[in-house]
Each structure stands twice: as C-alpha cells, then as structure tokens.
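Data block below; observations after.
Any value given below was found using the heavy atoms of this structure, including those in side chains, with hydrogens, waters and symmetry copies removed. The structure presented is a predicted model; accordingly, all values stated were derived computationally and were not measured. Chain identifiers are assigned alphabetically (A, B, ...) following the order of the sequence lines, protein sequences preceding nucleic acid strands; residue numbering begins at 1 within each chain.
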Amino acid sequence: MPEFRLYNTLTRRVESFAPADGHTVRMYTCGPTVYNPAHLGNFRTFLFEDLLRRTFRLVGWQVEQVMNLTDVDDKIIRKAAANGENILQVTEPFTALFHQDRRYLRIEDAEIYPKATEHIPEMIALVERLVANDVAYVAEDGSVYFAIDRFADYGKLSQLDKREVKAGARVAQDEYAKENAQDFALWKSAKPEDEATGAAWDSPWGRGRPGWHLECSAMAMKYLGETFDLHAGGIDLIFPHHEDEIAQSEAATGKQFARCWCHGEFLLTDGTKMAKRVGNVTNVVGMREQGISGTAYRHFVFSAHYRKQLNLGEESLDQSRAAVNRVGAFARRLAEATAATPVLAEAATRAEQLFLDALFDDLNAPEAMAVLFTFITEANRELDAGGTDTAALERARAAFRLMDGVLDLVPEQETDAELGAWVEGRLIARREARERRDFAAADAVREELTARGILIEDGPSGTRWRRG
RNA sequence: GGCGCCGUCGCCAAGUGGUAAGGCAGGAGACUGCAAAUCUCCCACCGUCGGUUCGAUUCCGACCGGCGCCUCCA
C-alpha cells in the first residue's frame with residue numbers, strides 16, 4: 001500500500017494518513033444548509049472532498065463518506081416564517097437542487113446523506129450525556145449550553161489558546177443565559193416561530209431545537225463510530241463549528257473524535273471571498289446557463305491546490321473550458337485509435353506513477369493535472385507517429401482511465417437528438433459540396449454551423465462535430 | 001488589536017538551495033481545398049530591500065501589496 005500524505009489541521013503538518021482499520025476510510029464532510037442554492041464556493045469544497053474520496057480508492061482503500069444536510073437552522077426558520085411555510089417546504093426543493101448541481105459537477109454520491117431533522121433523538125441523547133458528564137448546563141429558558149471551560153482541550157483545533165478575542169468584539173445577544181460568553185448552544189428552547197414552522201421538538205428540557213454543531217457530532221458518531229478517520233470541510237468551519245464538534249463529542253465519549261481534520265481554502269471572486277453577504281456568488285445553475293460544463297469547473301477547481309485561495313476571474317471558466325475540450329478531444333482519439341508506438345506504453349506508465357505521486361502528496365491536483373496534460377501531448381505525438389503496437393495503446397488507455405477516473409474532466413457528449421439530426425443533414429450537404437470541389441458552398445455550411453455554435457473537424461474517418 | 005495565508009510568464013497556477021511544471025492566450029512552421037484537431041519551435045530569472053550561503057525564486061529579517069479567520073459562513 002503506497003503512502004498517502006495529508007495536511008492535518010489538528011497538528012498543522014502534512015502527515016502520513018491511513019484509515020484506522022487499514023482498508024476503509026471513514027470520513028465525515030460538512031454538507032450544505034439547504035435554504036438557498038449552494039454557490040460555486042461551497043462546491044469548491046465539495047469538489048475537494050470528491051477528489052479526496054476518489055484518491056483514497058486509488059490508494060486501495062474503500063470509502064465510507066457521510067455528508068450531512070442541515071435542514072433546520074436560523075436561516076431556514078426565518079425563511080419559512082417569512083413565507084408562512086413549514087421548514088420542510090423550504091428545505092426540500094433546495095435539497096433536490098443540491099443533488100442536481102452536485103451531479104452536474106460529477107461529484108460522486110456519498111454513502112449517506114443524513115438530515116438533521118431525522119436525528120433529533122440521537123442529538124438529544126448526546127446532550128443528555130453531556131449534561132450527565134457535567135460539561136453542559138441547562139439555562140432558565142430550557143436551552144442547554146456547553147461549558148467550554150470544563151473541557152480542557154477546548155481550542156486545540158483552532159489554536160484558540162494562541163488567540164485573543166478582538167477587543168470589543170461582538171458578543172452573543174442571549175449572553176445573559178450563559179455562564180460564559182463563549183459557551184455554545186447544544187439545544188435551543190423553542191420560540192414562537194420555531195413552533196410555527198415545525199422546527200421544535202420535545203426534549204427533557206422542554207420544546208426546542210438542536211444547536212448547529214450538535215447534528216454533526218451526533219450523526220458522525222451514529223454512522224462512523226465515536227472515533228473515525230477524517231473530518232473535512234471549508235476552512236471557515238475550523239472555528240467555531242469544528243472546535244465545538246470536538247468539544248461536545250470528546251467530552252461525551254472521552255475518546256478522540258476525528259483522527260484527522262482537513263480543510264479546503266476559499267474560492268474568491270474579484271479578490272474577495274465568495275459569499276452571499278458580499279453579493280458576489282455564482283451558482284451552478286447560472287454557470288450552466290452560460291454554457292460552462294461541470295467538467296470545466298472541475299478543471300478550474302483542481303488547477304489550484306486545495307489549501308490555497310483560488311480566484312474566480314472573468315476568464316477563468318472560459319480558460320478551463322478550452323482546457324477540458326482538449327481532454328475531450330484526446331479521449332475520443334484514444335478510444336478510436338487502433339494502435340500506437342511502443343514509446344506510448346513507457347509514457348503511460350511514467351505518467352501514472354507521477355500522477356499518483358502528486359495526488360498522494362497532500363492531494364496536489366495541479367501537479368496531477370500537469371502530468372495528465374503532458375501525457376496527452378506525448379500520446380498525441382505517438383498516435384501521430386503511427387505504430388502497430390496494440391498493447392501500448394491499451395497501456396495508454398488504462399493510464400488515461402486511471403487519471404480521468406479521478407479528475408473526471410471529459411466533457412459530456414452532445415445528446416440533443418434534434419440538433420444532431422440537423423447537423424448531420426448539413427454535414428451531408430457539405431460533403432457533397434466538397435466532393436464537387438465547390439468549396440464556397442462547403443464553407444457556407446460551416447459558417448452556418450458555426451453560427452449555431454457547432455464546430456467541425458475533418459478527419460480520416462469523416463467529419464466530426466461538437467459544440468464550441 | 002490577535003492569529004494565519006499569499007505575491008512566480010498577458011491571464012490562471014505548480015515547484016525546487018544549484019539557473020522555473022502545466023493550462024489558457026499569443027507568435028512562427030508542418031498538416032489541410034480552407035479550417036479545426038494534432039505535431040514542432042518560440043514566449044518568465046520568480047513583489048521590494050537587506051542577510052545567511054560557494055550559490056536563493058526556494059532559508060531568515062524588514063518593507064510594500066492582496067486575502068482570510070477571530071461573528072452566521074464551504
């Protein structure tokens with residue numbers, strides 16, 4: 001089994017990583033809050049996690065991934081209340097949209113997508129454990145808080161001990177109910193709008209709803225065990241979300257929660273963090289309407305290391321689209337080739353090795369992509385050279401399958417049958433014109449197609465077309 | 001105010017103590033009826049100033065510039 005190295009936020013170092021049981025990586029990834037469309041920044045993180053799970057399989061491990069769907073929280077309740085709806089009416093359509101967007105970006109299915117609202121009993125049980133362990137306390141109003149100063153390790157993930165809260169920093173509005181301003185809510189007593197929107201449940205402390213951090217601890221432990229291999233998410237979740245998850249989980253079980261923590265950096269737009277509040281968000285649906293494929297976005301995301309900020313500029317997606325078209329053209333050529341030179345086999349084997357080296361070294365996707373593109377150039381050269389080595393061709397196909405099996409960059413083929421029939425008809429007209437050597441007429445057809453966004457390529461096996 | 005990250009070709013972005021991957025764009029050529037695709041060749045001395053070193057883009061310091069976290073947040 002090759003060594004896989006990964007940066008661990010807990011230790012702030014790149015370390016050797018392997019699942020505890022040696023064959024299945026149990027990973028928990030924080031999913032979306034389903035009250036609006038997830039934006040491209042959110043999907044950068046999900047794509048990073050997709051790359052992680054695919055790379056794990058390349059190492060030879062199985063993957064058990066849990067991605068939660070937060071379907072009860074302040075923003076959802078506010079939205080539901082404003083519309084006079086139940087929270088389900090808010091979350092169901094956005095849950096569906098999330099999966100649609102996810103598939104467009106070819107993000108693999110996680111094994112489990114648990115919803116917070118379907119795990120209220122597990123969450124209540126966890127709070128009871130914490131109260132029993134005397135690290136949580138019940139406030140006058142029936143809310144339950146976690147007392148951070150009763151958990152010695154508090155701050156170990158975010159290195160809070162090295163931090164100082166900004167002088168005059170905002171403090172929580174409901175501070176009066178807490179012993180310490182930094183204590184966080186495990187259980188929030190129900191307010192009228194909670195009841196009105198179906199966001200309140202019975203508990204030993206009265207009607208209420210779970211605090212945000214609680215769901216992840218309860219669901220991670222339910223599906224992955226009290227200790228599991230990896231917990232991933234966006235870098236902004238380090239504090240307070242993940243810090244609080246660690247506190248409430250480890251204070252309850254006395255065991256280490258996640259063995260490794262992994263965080264992806266932000267997506268920036270025009271130099272600032274993509275965020276709803278900034279108003280610079282782009283959604284998958286919007287991207288789609290601009291004719292940008294999911295594979296182009298994958299290329300863009302993988303062009304930077306996951307721990308570095310990545311700026312989405314005006315030209316970014318167009319550049320990636322062009323890059324991904326090259327991969328697509330190569331994929332078709334490889335599929336249709338019949339033989340190649342022996343040199344191709346060497347290039348393929350070398351590329352595979354370099355590709356794995358790059359990904360296994362803290363998931364260096366940009367490096368891995370560079371290997372892929374270098375291989376494409378080499379392979380095209382050997383394919384041009386002719387050759388009769390069919391085994392070499394198979395070697396190349398296997399290498400490409402391995403690499404694209406992780407990156408998944410080949411753009412989708414056109415599936416619009418009506419458009420296809422029309423294009424084929426025009427191509428027949430063009431072929432006839434060319435056979436007459438009436439090139440003016442042939443070029444007129446090409447321009448007609450170009451006007452509709454169709455590009456054509458004449459090759460040995462006839463004319464091929466695709467969308468520009 | 002505290003903590004941290006980044007500054008590499010026109011744009012995006014890897015990387016290394018010994019003279020810098022890849023993608024996009026661009027230039028020249030081959031191929032093509034013309035294109036497209038493909039191939040060949042060309043296209044950077046790594047923010048500034050110091051220091052360490054035989055040698056630094058790569059280590060250290062200062063400075064300038066940008067970003068993020070400390071508060072809901074991928």
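- Counting to the nearest Å, the P atom of B:U38 and the CD atom of A:Glu457 are 8 Å from each other.
- Just one residue in the list A:Glu108, A:Arg53, A:Glu111, A:Arg26 forms a side chain to side chain donor-acceptor pair (under 3.5 Å) with A:Gln65, and that residue is A:Arg53.
- Ring centers of A:Phe46 and A:Phe98: under 6.0 Å apart, within the cut-off.
- Between the CG atom of A:Leu69 and the C1' atom of B:A74 there is a distance of 14 Å, rounded to whole Å.
- Between B:C69 and B:C60, the two C1' atoms lie 26 Å apart (nearest whole Å).
- Distances shorter than 4.0 Å separate none of the side-chain N or O atoms of A:Asn311 from OP1 or OP2 on B:C12.
- Residue contacts for A:His305: at a heavy-atom cut-off of 4.0 Å it reaches the sugar-phosphate backbone alone, with no base atom in range.
- Scanning atom types as modelled, one donor and one acceptor separated by under 3.5 angstrom connect the side chain of A:Arg446 and the base of B:C34.
- Between A:Lys276 and B:C72, a side-chain N or O to OP1/OP2 separation shorter than 4.0 Å is absent.
- If you take atom C1' in B:G50 and the same atom in B:C64, they sit 14 Å apart, rounded to whole Å.
- Ring centers of A:Tyr113 and A:His99: under 6.0 Å apart, within the cut-off.
- Residue-level contact check: A:Asp443 touches the bases, meaning some heavy atom is under 4.0 Å from a base atom.
- In this structure, CG of A:Leu105 is placed 16 Å from P of B:A74, rounded to the nearest angstrom.
- Between A:His39 and A:Gln309, the residue whose closest nucleotide on RNA chain B is further toward the 5' end is A:Gln309.
- A close approach under 4.0 Å does occur between a side-chain nitrogen or oxygen of A:Arg381 and OP1 or OP2 of B:U40.
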Check nucleotides 41-48 of chain B for protein N or O atoms closer than 3.5 Å to its own N or O atoms and list the pairs.
none

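- A:Leu267 comes within 4.0 angstrom of a nucleotide base, judged by non-hydrogen atoms across all strands.
- By the 4.0 Å N-to-carboxylate-O rule, A:Arg381 lies too far from A:Asp384 to be salt-bridged with it.
- Look at CZ on A:Phe43: it is 12 Å from P on B:A74, rounded to the nearest Å.
- If you check every strand for non-hydrogen atoms under 4.0 Å, A:Arg78 touches nothing.
- A:Lys308 has no side-chain polar atom (N or O) that falls below the 4.0 Å cut-off from OP1 or OP2 of B:C67.
- Between the C1' atom of B:A36 and the CZ atom of A:Arg434 lies a distance of 11 Å, rounded to the nearest Å.
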Tabulate protein N/O versus nucleotide N/O from nucleotides 18-25 of chain B, keeping only pairs under 3.5 Å, one per line.
unit_1	atom_1	unit_2	atom_2	d
B:G23	N2	A:Gln319	OE1	2.9

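- Distance noted for atom P between B:A21 and B:G15: 14 Å (whole Å).
- If you measure from atom CZ of A:Arg333 to atom P of B:C31, you get 17 Å, rounded to the nearest angstrom.
- Close to B:A14, at under 4.0 Å from its OP1 or OP2, lies no side-chain N or O of A:Asn364.
- Outside the 6.0 Å centre-distance limit, the rings of A:Phe228 and A:Tyr223 are not counted as a close aromatic pair.
- The distance between the ring centers of A:Phe375 and A:Phe355 does not fall below 6.0 angstrom.
- Among the nucleotides B:A74, B:C67, B:G33, the one closest to the side chain of A:Thr272 is B:C67.
- If you check every strand for non-hydrogen atoms under 4.0 Å, A:Gly41 touches a base.
- Separating the NE2 atom of A:His241 from the P atom of B:C70 is a distance of 14 Å, rounded to the nearest angstrom.
- Nucleic acid contact for A:Ile456: base, since at least one base atom lies under 4.0 Å from a heavy atom of the residue.
- Candidate nucleotides B:C67, B:A37, B:U40 were compared by shortest atom distance to the side chain of A:Ala329, and B:A37 ranks first.
- In this structure, A:Ala275 reaches neither bases nor backbone, as no heavy-atom distance under 4.0 Å exists between it and the strands shown.
- Taking the C1' atoms as reference points, B:G10 lies 16 Å from B:C42, given to the whole Å.
- The backbone N or O of A:Leu449 lies less than 3.5 Å from no partner atom in the side chain of A:Arg426, so there is not a single donor-acceptor pair.
- Closest contact between the side chain of A:Pro240 and the listed nucleotides B:C72, B:C34, B:C12 involves B:C72.
- Annotation: B:C24 and B:U40 have their P atoms spaced 13 Å apart (nearest Å).
- When rounded to the nearest whole Å, the span between NE2 of A:His242 and C1' of B:C69 equals 14 Å.
- Across all strands, A:Arg277 comes closer than 4.0 Å to base atoms (heavy-atom distances).
- In terms of the side chain to side chain donor-acceptor pair (under 3.5 Å) criterion, A:Glu346 has no residue partners (sequence neighbours excluded).
- Taking 4.0 Å as the cut-off between side-chain N and carboxylate O, A:Asp101 and A:Arg288 do not count as a salt-bridged pair.
- Panel note: side chain A:Asn68, backbone A:Cys216; no donor-acceptor pair is recorded below 3.5 Å.
- Look at the P atom in both B:G22 and B:U58: the space between them is 22 Å, to the nearest Å.
- Under the Watson-Crick or G-U wobble criterion, with both distances below 3.5 Å, B:G1 is paired with B:C70.
- Going from the P atom of B:G18 to that of B:C12 covers 27 Å, rounded to whole Å.
- Checking B:A44 for Watson-Crick or G-U wobble geometry (two distances, each under 3.5 Å) identifies no partner in any strand.
- For the pair A:Arg466 and A:Tyr306, both in contact range of RNA chain B, the more 5′-proximal nearest nucleotide belongs to A:Tyr306.
- At least one donor-acceptor pair closer than 3.5 Å links the side chain of A:Tyr297 to the backbone N or O of A:Leu40.
- Within the 3.5 Å criterion, the main-chain N or O of A:Ser293 finds no donor-acceptor partner in the side chain of A:Arg321.
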